[in-house]
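Encoded as structure tokens, the structure appears first; notes follow it.
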Amino acid sequence: MASQVCEKGTRGKPLTEEQKLSNRTKSKVKARVEHVLRQAQARLWRTGGNGWTLVRTIGLQRAKVKIWLDEFSL
């Protein structure tokens, strides 16, 4: 299994073009994954009277039901 961690150059030994290309590919994948995870995390947050509040449940289904019940009860 190949390493998914970006390589780092040091003083006096910069990255080769192959390493730069490898880092660029890994960074593209990492950015896409992190964007998807951030969107999923944003769904667990909701607006409250004092700004953003965290929905404290275990599991996405329970969080969705809690948000629905909170909105429905208003």
Side-chain angles (χ1 to χ4, degrees):
M1 182 172 203
S3 172
Q4 296 301 314
V5 179
C6 288
E7 299 182 49
K8 181 178 174 184
T10 59
R11 186 178 358 170
K13 188 176 179 194
L15 294 175
T16 65
E17 290 302 317
E18 183 178 319
Q19 288 173 319
K20 289 179 183 178
L21 180 63
S22 173
N23 282 353
R24 193 173 302 123
T25 304
K26 292 173 187 176
S27 294
K28 285 180 183 180
V29 172
K30 180 180 176 184
R32 287 186 179 147
V33 169
E34 287 181 351
H35 281 98
V36 170
L37 292 177
R38 177 62 184 119
Q39 289 175 350
Q41 182 184 19
R43 290 188 189 113
L44 296 178
W45 290 77
R46 59 181 165 84
T47 55
N50 298 329
W52 293 94
T53 56
L54 178 62
V55 178
R56 294 192 177 272
T57 63
I58 297 176
L60 189 58
Q61 289 295 331
R62 288 183 182 180
K64 287 179 182 180
V65 169
K66 182 173 176 64
I67 291 169
W68 183 81
L69 287 172
D70 287 348
E71 291 175 357
F72 186 72
S73 65
L74 293 177

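By the salt bridge (Lys or Arg N to Asp or Glu O under 4.0 Å) test, E18 is found to be paired with no residue, residues two or more places apart in sequence or in another chain being considered. In terms of the salt bridge (Lys or Arg N to Asp or Glu O under 4.0 Å) criterion, K26 has no residue partners (sequence neighbours excluded). Under the side chain to side chain contact (heavy atoms under 4.5 Å, CB included) criterion, L21 pairs with R24, sequence neighbours left out.
Residue pairs meeting the salt bridge (charged side-chain N to carboxylate O under 4.0 Å, His left out) criterion with at least one partner in residues 4-17, sequence neighbours excluded, are E17-K20.
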Let me see the working for T16 and Q19 under side-chain contact (heavy atoms from CB on, under 4.5 Å), right down to the final yes or no. CA-CA 5 Å; T16 65; Q19 288 173 319; 3.3 Å; yes
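Under the 3.5 Å distance criterion, the side-chain polar atoms of E34 are left unmatched by any main-chain donor or acceptor of A31.
A heavy-atom distance below 4.5 Å is not found between the side chains of V65 and R62.
With rounding to the nearest 0.5 angstrom, the NZ atom of K30 is 10.5 Å from the CG atom of N23.
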